[in-house]
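Heads up, the thing below is written out as structure tokens.
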4 protein chains.
Amino acid sequence: MDVGFYGLGRMGANMTRRLVKNGEHRVVAGNRSPGPVDEVVKDGAEGAYSMEELVEKLSGDGPRAITVMVPAGDVTEQALLKLADMMDEGDILIDGGNSYFRDSVRRAEMLGEKGIRFLDQGTSGGVWGLQVGYCLMVGGDASAFEHVEPALKTLAPPNGYAYLGEAGAGHFTKMVHNGVEYGMMQAYAEGFEILEKSQYDFDLRAISSLWNQGSVVRSWLLELAENAFEQDGHLDSVRGYAEDSGEGRWTILEAINEDVPAHVISASLFARFASRQDDSFAMKVIAALRGQFGGHAIQEASTKYPEQK
Amino acid sequence: MDVGFYGLGRMGANMTRRLVKNGEHRVVAGNRSPGPVDEVVKDGAEGAYSMEELVEKLSGDGPRAITVMVPAGDVTEQALLKLADMMDEGDILIDGGNSYFRDSVRRAEMLGEKGIRFLDQGTSGGVWGLQVGYCLMVGGDASAFEHVEPALKTLAPPNGYAYLGEAGAGHFTKMVHNGVEYGMMQAYAEGFEILEKSQYDFDLRAISSLWNQGSVVRSWLLELAENAFEQDGHLDSVRGYAEDSGEGRWTILEAINEDVPAHVISASLFARFASRQDDSFAMKVIAALRGQFGGHAIQEASTKYPEQK
Amino acid sequence: MDVGFYGLGRMGANMTRRLVKNGEHRVVAGNRSPGPVDEVVKDGAEGAYSMEELVEKLSGDGPRAITVMVPAGDVTEQALLKLADMMDEGDILIDGGNSYFRDSVRRAEMLGEKGIRFLDQGTSGGVWGLQVGYCLMVGGDASAFEHVEPALKTLAPPNGYAYLGEAGAGHFTKMVHNGVEYGMMQAYAEGFEILEKSQYDFDLRAISSLWNQGSVVRSWLLELAENAFEQDGHLDSVRGYAEDSGEGRWTILEAINEDVPAHVISASLFARFASRQDDSFAMKVIAALRGQFGGHAIQEASTKYPEQK
Amino acid sequence: MDVGFYGLGRMGANMTRRLVKNGEHRVVAGNRSPGPVDEVVKDGAEGAYSMEELVEKLSGDGPRAITVMVPAGDVTEQALLKLADMMDEGDILIDGGNSYFRDSVRRAEMLGEKGIRFLDQGTSGGVWGLQVGYCLMVGGDASAFEHVEPALKTLAPPNGYAYLGEAGAGHFTKMVHNGVEYGMMQAYAEGFEILEKSQYDFDLRAISSLWNQGSVVRSWLLELAENAFEQDGHLDSVRGYAEDSGEGRWTILEAINEDVPAHVISASLFARFASRQDDSFAMKVIAALRGQFGGHAIQEASTKYPEQK
């Protein structure tokens with residue numbers, strides 16, 4: 001089928017490559033700046049150097065379908081609205097990025113008023129998706145889903161895409177997916193710290209590898225852990241600093257909205273916050289209070305970190 | 001090789017079956033009561049209806065090797081000590097159960113004084129191990145490990161066993177493995193609750209299946225979740241009640257011993273505690289305090305649960 | 001000074017009583033329904049049986065000042081807007097309820113456009129405020145604060161009111177106050193549960209009382225705990241069921257907004273969620289997964305709670 | 001009454017001072033090194049420059065009573081055993097330090113076999129105890145408690161001491177007290193961090209002071225917070241580094257032993273662990289995994305902390 005892509009960051013570019021490579025689709029790819037377009041053209045996509053060109057090159061018999069892969073928030077909103085203004089009734093827009101599901105619900109309505117059919121598509125797979133396929137969680141207009149299914153089938157591994165419900169269902173599922181991901185990663189991380197600081201001289205690469213053979217905790221993340229420990233056995237070169245994208249935060253907002261106790265996912269999010277703090281104001285308060293009531297020595301803020309016991 | 005087993009509960013019996021089925025080993029199997037012995041004899045093991053018989057039947061050219069698979073704690077300790085008293089210098093005892101690693105360190109020393117070589121073997125795989133193989137995490141006497149390697153190779157899937165270090169290292173690793181398992185399960189569980197209580201009418205079986213195709217959270221536990229949701233889509237027939245074995249608790253004790261923040265694993269353990277409480281004394285205190293300062297209505301202990309909002 | 005009140009629930013009615021009792025103020029009190037107005041009139045307030053009458057009776061030399069004490073959300077918004085429409089430029093509206101600080105920021109602007117000076121006032125003290133005084137945390141128009149200070153002084157205990165900053169600062173501070181309150185209550189609650197379930201036969205009333213004499217954990221909440229345990233030594237008559245108002249939730253939203261790790265306050269909020277669940281879907285997932293991999297018995301949803309070990 | 005003290009650290013020395021100042025007691029004070037003995041002699045105590053001298057100077061009509069105030073663990077055990085060997089049947093030993101209650105149970109038995117009556121006394125109050133009095137939580141031999149009650153009355157504020165049950169009950173209660181203390185402090189600490197990082201320019205000293213006037217969260221710890229913020233409004237000079245003593249850890253061990261969910265107290269303990277880590281191994285694992293699956297940039301371990309967003 002004819003497939004349009006707008007936004008050729010790492011994810012978007014690789015997705016066009018996977019579609020092109022398959023050989024069954026005509027892929028037209030656009031981007032704000034021309035460089036990434038040139039790159040995917042080399043790999044066999046048709047280039048579109050403006051939104052207008054993208055929309056134009058997709059004009060044919062059936063409805064157009066364009067997947068937008070740009071940063072969540074205002075950038076996504078603007079791209080969707082601008083494209084919609086150039087498109088025709090019945091055309092399809094897909095937001096394959098990490099948008100907040102409430103935005104997607106709102107956008108589905110907004111685009112629907114313009115006659116555009118909208119799909120919110122959560123996309124998982126990271127840099128491995130090009131080779132393995134992307135797990136695609138799709139919500140929104142069911143007829144649009146059916147129309148773009150040939151492309152989804154190519155993008156995903158076998159059985160790796162599904163229609164999950166009305167507008168927002170795709171991004172909601174991707175949001176929770178990432179919340180679960182935070183919790184799983186933190187579970188492994190705590191376990192590896194307990195192993196690393198133990199009285200034993202454990203080989204964490206060997207344990208990651210072993211656990212992946214028949215144990216209850218085997219998983220793809222654990223395979224990645226094995227890779228990581230193979231590259232640096234004690235992670236000496238890595239700083240314990242972790243960003244978070246919006247999904248973990250939204251998962252907690254939604255847990256609170258639904259009265260769901262989410263101890264593990266919230267703790268995982270907070271651990272990332274803490275990893276980015278140079279010093280903790282909360283712990284300054286603790287230190288100051290201990291100084292007040294117990295005469296416990298307070299370390300000056302400039303003090304170097306002491307050797308841990 | 002000649003392999004002895006003592007303790008034919010679900011795990012022990014299946015392990016003898018996997019060894020027998022392989023065809024390369026002579027398996028002598030004993031148990032406190034005769035029934036389970038009869039069962040594995042039907043499947044091709046040699047039966048031993050007493051410890052004495054078990055030890056006797058393993059007398060041959062080389063050292064004897066007996067794996068003990070009985071409940072952790074005193075039962076394991078007594079079984080090991082009794083067997084050791086009947087065995088000869090250089091013979092091998094393997095504790096394949098879920099013992100506390102500090103007990104294993106102590107027992108290695110105790111048995112070593114009797115000339116018995118001891119291995120502590122963490123065994124993961126559950127009811128699936130018979131078919132898939134057991135993940136075996138082994139610590140203790142390195143020469144004993146080499147001796148029993150042919151049996152370990154048969155019990156485990158490919159690359160599914162390893163020697164991890166001196167006495168206790170096997171059970172330590174299995175302990176942490178289970179702590180990680182608690183955290184992973186709770187991460188999934190929170191995620192599924194957020195999906196289930198959402199504004200969408202999600203099909204959790206479909207989502208489990210989908211996430212296992214190329215997504216970052218794919219894992220064997222998620223495959224099991226798919227099975228579970230296939231059997232009961234909203235788990236209506238299942239009560240939210242979860243036991244815990246010792247490993248989760250020991251993992252937290254060890255985290256505290258090592259100064260490791262273990263927010264996620266501890267929260268997972270506490271969630272299991274809470275699942276087993278009919279009412280929470282802590283929350284009675286909260287309710288009583290709210291009544292004291294705010295005049296908030298206190299529900300009587302006998303009150304039925306109200307509809308949730 | 002002349003003081004207007006709109007909203008005579010438990011908090012609002014008691015606040016008018018405290019003002020009247022002081023003798024220095026003329027208090028005009030209105031309410032949606034007439035009953036509560038009749039009550040406070042008996043205690044010396046002037047009654048206003050409509051918003052119009054309330055505004056009318058406050059017409060005099062200076063600017064009018066009316067405190068609104070109605071449920072947060074739309075009820076508060078409507079009351080403020082209706083009153084504003086009847087008032088004159090320079091008049092003062094105070095929201096003394098538990099509004100979300102972002103609403104207060106927005107309302108300050110909205111009312112400012114009508115020439116009305118707005119104060120957002122967090123009010124703590126519960127049913128004890130009538131006698132002890134209310135702790136008043138005030139944000140918004142600084143000139144309005146100065147104008148109403150005589151009334152605040154009467155409502156609060158000595159030094160028990162303060163101007164904390166621009167619009168929203170009062171409700172922000174009250175929000176965090178309640179978040180801290182959740183955490184403190186949960187800390188005591190966990191401690192009392194550990195005492196109650198210990199091997200000792202502790203008298204929790206005696207311990208609450210003792211801890212309030214010179215110990216580090218002495219507090220007013222602990223005095224309330226002593227009262228509660230005096231009424232029911234083991235809280236047998238109290239169900240462990242705790243509502244939460246919006247503040248705890250908003251505190252977590254704000255923590256996430258500011259990248260602040262809030263393990264304790266979020267855990268306290270989640271404990272309240274859990275206290276209101278008849279069964280936990282998350283724990284159903286755990287139970288189902290354990291059944292899948294370990295053959296662990298699953299309890300049917302209808303099963304009675306077993307005796308705890 | 002005649003009162004013996006052994007161990008004149010900050011706590012022990014101040015306790016002897018409070019007893020001496022009262023005028024009703026004869027206080028004999030000993031210490032391992034002579035310096036602290038000289039100090040309390042200046043303040044009116046009788047000095048004992050050896051254990052023998054301490055025991056000798058307390059020989060009189062009735063049973064001797066000696067309070068030991070030395071570091072928990074082996075130091076306490078040795079001091080108790082050595083003193084016991086010099087004392088007579090019916091004499092009384094009091095452990096006023098922060099011992100683990102299980103040690104106290106064991107010591108009560110051990111000393112009981114020597115005919116020595118033992119009391120385990122949890123002591124709270126910190127540096128303020130000298131002036132305000134110490135909150136004393138006492139377990140053990142009830143007849144011994146009655147004998148030493150005159151001294152306890154002097155040491156404590158009014159109603160500030162109590163007999164709580166058999167051996168270990170005093171240290172158990174003190175353990176839980178400290179666990180609660182950790183949770184309360186962390187609740188305040190998180191709240192203050194949320195205030196400090198907010199869009200408002202809050203004066204935390206003013207808020208601490210305000211909250212102590214009639215609000216639900218008023219407490220002695222909050223008075224100390226006011227002092228701390230008065231000395232350093234944004235705690236710029238304080239490093240967020242907090243030690244922990246054994247009690248918080250033991251509280252979690254005991255919670256686990258009793259199947260009590262202790263989310264808040266454990267999170268407070270873990271926050272202290274994290275405050276002492278130069279880098280977090282768990283977060284290195286998270287960073288490494290993110291690098292593996294997402295191509296997210298990993299910061300080198302030597303990188304300086306970036307500006308927080």
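Below, chains carry the letters A, B, ... as their sequence lines are ordered, and counting in each starts from 1.
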Stepwise side-chain contact (heavy atoms from CB on, under 4.5 Å) test for C:F293 and B:E223: CA-CA 10 Å; C:F293 72 69; B:E223 293 175 34; over 6 Å; no

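Relative orientation of the C:F281 and B:F229 rings is parallel, given thresholds of 30° and 60° on the angle between their planes.
Between the CD atom in C:Q292 and the CH2 atom in B:W220 there is a gap of 9.0 Å [rounded to 0.5 Å]. For the atom pair C:Q186 CD and B:I286 CD1, the distance stands at 4.5 Å (nearest 0.5 Å). C:L289 CG to B:M184 CE: the interatomic distance, rounded to the nearest 0.5 Å, is 10.0 Å. Atom NZ of C:K197 and atom CD of B:Q277 lie 4.0 Å apart (nearest 0.5 Å).
At a 4.5 Å heavy-atom cutoff, C:A274 makes no contact with chain B through either its backbone or its side chain. Contact annotation for B:D236: only backbone heavy atoms (N, CA, C, O) come within less than 4.5 Å of a heavy atom of chain C.
No donor-acceptor distance shorter than 3.5 angstrom exists from the side chain of B:K284 to the backbone of C:R239, with no hydrogens or angles considered.
When each of C:S280, C:G240, C:G126, C:A267 is checked for heavy-atom pairs under 4.5 Å with chain B, C:G240 comes out on top. Considering only heavy-atom pairs separated by less than 4.5 Å from chain C, the leading option among B:L204, B:D232, B:V285, B:L221 is B:V285. The candidate from B:E196, B:H234, B:M11 with the greatest count of non-hydrogen atom pairs under 4.5 Å with chain C is B:E196.
In terms of heavy atoms, C:A271 sits closest to B:M283 at O-CE, 3.6 Å. Closest of all the heavy-atom pairs between C:A288 and B:V238 is N-CG1, 4.2 Å.
For residues 188-195 of chain C, the interface with chain B (any heavy-atom pair closer than 4.5 Å) comprises C:A189, C:E190, C:F192, C:E193, sorted by residue number.
Here the side chains of B:R290 and C:R272 are in contact, with some heavy-atom distance below 4.5 Å.
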